[in-house]
Amino acid sequence: MNWKKMIAVIACAMTLTSVMAGCGQDKSKEASKDTSSTEIVAYGVIDPQISAQQIIADKKGYFKEEGLNISNKFIQSGGDMSSLISGGSAQVSFESPYTDIALAANGVGIKIVAPMANIGNTQAVVAGKNANIVNGKDLEGKKVGIPAGAGVMIAIRNMCNELNVDINKIQFVTLSPSDAIAALEKGNIDAMACWEPWISNAQNNGGKLLFSGLKSYLGDKQGDVNWMNFYTTMQVSDTFLKEHPEEVKAMLRALKKATDFINENPDEAAEIIAKEINLDAAQVKRIMSQNQYKMTYDDNFVNSCGEIADFMQETNNISTKPDFEKYADSSILKSVDETLVTAK
């Protein structure tokens, strides 16, 4: 999942209904019959980080098991999602909090109903093969290519704060991921900062992975870090949530099954997803192996949203930071599985 998409303001949401725990068997069947009579279009992105559970829930039949009639519709770029949501086409979608924050800041009624995955490990910085960057301090005075407004800057800032690196001494050059790879090969920049699959592509060309949002390979800091948590999410419009709460619950149950399947059968899941979005299976497996597929609505998720909102305001992507409750609601997920909601 992809922070360039965040710049264009991405968005996500999906929904569907649930059979209440206390309902009898006949009522459950009746509820399933009612939900399956209405087709729900769920918008996603051709990306194994954003739409993994959405694809698995469809292909493994989990939506149907919950009595849902879901039609997945995938777009090429997450940057186009915000206009689909604000225009009313995408009532249910998958993307990231960046989109939801931007929409909420502009008065669009949207609610994140569940996180899907933490993809902070695929937002990273790669050094050129001749850049001689070993420690964090070595980045001072170096040129780093980065897309305009890319959220991976959060990881860079937190790395600098922890390792006492002067971020003002790093020369940031605005480049798209593809242009950054070319510049890195030519030696026009010393490092590049972006996301998968560009990170892997840069490494395949001889680049050296320095750090990601969740892992550091620097000489002065190695192992797990907490420099950037970034989540993909399912969101629905306020109107859809109000009119179809049971469908949303049913969808979350199906997505929980899909999440479990991905974690229990990672290779098979990657092959299913790769076939659906027409990407190389080995590449999809590599990308998915770096992500944490989980629907836990915890403090890390809440704090991550706040950090993104602060970043967006600082970079003038939004004029006012919306309250978290304006664009997120944990109550539906909690009614489906209360163990998934642990945020204080």
- Task: To the nearest 0.5 angstrom, please state how far the CD atom of E140 sits from the CG atom of N168.
- Result: 9.5 Å

- Query: Pairs in or reaching into residues 154-164: which pass side-chain hydrogen bond (donor to acceptor under 3.5 Å, both in side chains), with residues at least two apart or in two chains?
  - Reply: R157-E314, N158-E307, E162-K221, E162-W227

- Note on the structure: Note: A114 and M295 closest approach over all heavy atoms is CB-CE, 4.1 Å

- Query: Looking at Q54 and G44, what are the two nearest heavy atoms and their distance?
  - Reply: OE1-CA, 3.4 Å

- Item | Contact list for residues 210-219, test side-chain hydrogen bond (donor to acceptor under 3.5 Å, both in side chains), sequence neighbours left out | N121-S212, K215-D224

- Query: After noting the C-alpha distance and the side-chain angles of D220 and K137, does the key distance pass the salt bridge (charged side-chain N to carboxylate O under 4.0 Å, His left out) rule?
  - Reply: CA-CA 9 Å; D220 49 352; K137 273 282 187 183; over 6 Å; no

- Residue pair V144 / Q171, side-chain heavy-atom distance below 4.5 Å: no

- Please round to the nearest 0.5 Å and tell me the distance separating atom CG of L184 and atom CG of N205. 8.5 Å

- Query: In a check of side chain to side chain contact (heavy atoms under 4.5 Å, CB included) between D80 and each of I85, I75, V45, which one passes?
  - Reply: I75

- Side chains of I50 and S96: does their closest heavy-atom pair fall under 4.5 Å? no

- Polar side chain donor-acceptor pair, Y231 to N300, under 3.5 angstrom: no

- Could I get the full list of ring-ring contact (aromatic ring centres under 6.0 Å, His included) partners for Y62, not counting sequence neighbours? none

- Task: Please round to the nearest 0.5 Å and tell me the distance separating atom CG of D329 and atom NZ of K334.
- Result: 11.5 Å

- When rounded to the nearest 0.5 angstrom, what distance separates CD1 in I156 from CD1 in I167? 6.5 Å

- Query: How many angstroms lie between CG in L333 and CG in L340, if you round to the nearest 0.5 Å?
  - Reply: 5.0 Å

- Task: Begin from the C-alpha positions of D260 and K256 and carry the test salt bridge (charged side-chain N to carboxylate O under 4.0 Å, His left out) through to its verdict.
- Result: CA-CA 6 Å; D260 292 341; K256 176 61 168 60; 3.0 Å; yes

- Heavy atoms of A155 and G213 approach each other most closely as CB-CA, 4.1 Å

- So, does K64 use its side chain to make a donor-acceptor pair with the main chain of I70 at under 3.5 Å? no

- Query: Do L163 and L218 have side-chain heavy atoms sitting under 4.5 Å apart?
  - Reply: yes

- Looking at residues at least two apart in the chain, or sitting in another chain, which of them share a side-chain hydrogen bond (donor to acceptor under 3.5 Å, both in side chains) with N265? none

- Query: With no hydrogens and no angle check, is any side-chain donor or acceptor of T174 less than 3.5 Å from a backbone partner on P147?
  - Reply: no

- Item | Same apolar cluster: L210 and V134, side chain cutoff 4.5 Å | no

- Under 3.5 Å, is there a donor-acceptor pair between the Q53 and T259 side chains? yes

- Note on the structure: Contacts of F324 meeting ring-ring contact (aromatic ring centres under 6.0 Å, His included) (sequence neighbours excluded), chain-then-number -> Y327

- Item | Spacing of I277 atom CD1 and F74 atom CZ [to the nearest 0.5 Å] | 8.0 Å

- Qualifying residue, where the test is side chain to side chain donor-acceptor pair (under 3.5 Å) with E196 and the options are R286, Q283, Q290: Q290

- Task: Verify, without hydrogens or angle tests, whether D299 (side chain) and K344 (backbone) share a donor-acceptor contact under 3.5 angstrom.
- Result: yes

- Please check if the side chain of D190 supplies one atom and the backbone of K143 the other of a donor-acceptor pair under 3.5 Å. yes

- Query: Can you list the residues that meet the salt bridge (Lys or Arg N to Asp or Glu O under 4.0 Å) rule with E276, with sequence neighbours excluded?
  - Reply: K59

- Message: Just so I know, are the side chains of S335 and K249 near enough to count as touching, which here means a heavy-atom distance under 4.5 Å?
- Response: yes

- Message: Just so I know, are the side chains of M192 and V125 near enough to count as touching, which here means a heavy-atom distance under 4.5 Å?
- Response: no

- Would you mind reporting whether K294 and D298 have side-chain heavy atoms less than 4.5 Å apart? yes

- Task: Give the minimum heavy-atom separation between M159 and G136, together with the two atoms involved.
- Result: SD-CA, 4.3 Å

- Message: Is it true that E39 and N69 share a donor-acceptor pair across their side chains at a distance under 3.5 Å?
- Response: no

- Minimum heavy-atom distance between I133 and A191, given as atom pair plus value: CD1-CB, 4.4 Å

- Item | Check: I56 and I262 side chains under 4.5 Å, non-hydrogen atoms | yes

- In one Ile/Leu/Val/Met/Phe/Trp/Tyr side-chain cluster, 4.5 Å: L214, Y293: no

- If you take all heavy atoms of F301 and P97, which pair is closest and at what distance? CE1-CG, 4.2 Å

- Message: I'd like to check N106 versus L103 (side-chain heavy atoms, cut-off strictly below 4.5 Å). Are they in contact?
- Response: no

- Query: So does E66 pair up with K257, basic N to acidic O under 4.0 Å?
  - Reply: yes

